[in-house]
Amino acid sequence: PSLSGQCELCPVNTLASLPHSPTCDNCLIGQVTRSTGSTKCDDCSDGSYSNPAAELYEDRCLCSVNFYLVPGSSKLWDCQPCPTGGECAG
């Protein structure tokens with residue numbers, strides 16, 4: 001998409017739903033893209049939600065209330081339910 005007639009890659013968290021599309025579409029709530037120029041959005045994991053204000057892919061999904069991010073997890077957004085009796089702000 002471009003106003004100058006030259007193609008530009010869609011920004012992170014948007015996608016080109018068709019090749020050579022003149023516009024970029026936002027990912028739906030609860031979805032993200034990993035990089036510029038994406039053609040599909042990925043779902044945030046269970047127990048998380050999308051943060052539309054985030055510019056970085058890593059910050060795009062946040063753990064929901066009563067879930068917490070597993071420290072040292074190799075997966076982004078590995079949100080797990082808060083342990084019984086625990087308190088998790090998200």
Rounded to the nearest 0.5 Å, what separation is found between the CG atom of N26 and the CD atom of Q31? 11.0 Å
Please state whether the sulfur gamma atoms of C63 and C88 sit closer than 2.5 Å to each other. no
Given side chains that start at C-beta, do those of P81 and Y68 come closer than 4.5 Å, heavy atoms only? no
Separation of C82 SG from N66 CG (nearest 0.5 Å): 6.0 Å
Heavy-atom distance under 4.5 Å between the side chains of V32 and C44, does that happen here? yes
What's the separation between atom OG in S64 and atom CG in D46, rounded to the nearest 0.5 Å? 9.5 Å
Would you mind reporting whether P11 and C24 have side-chain heavy atoms less than 4.5 Å apart? yes
Between C10 and L15, is a side chain to side chain contact (heavy atoms under 4.5 Å, CB included) present by the stated rule, with each step listed? CA-CA 6 Å; C10 290; L15 74 150; 5.9 Å; no
Closer than 3.5 angstrom, by distance alone: can the side chain of T33 be matched with the main-chain N or O of V12 as a donor-acceptor pair? no
State the CG-CG distance between N13 and D25, to the nearest 0.5 angstrom. 13.0 Å
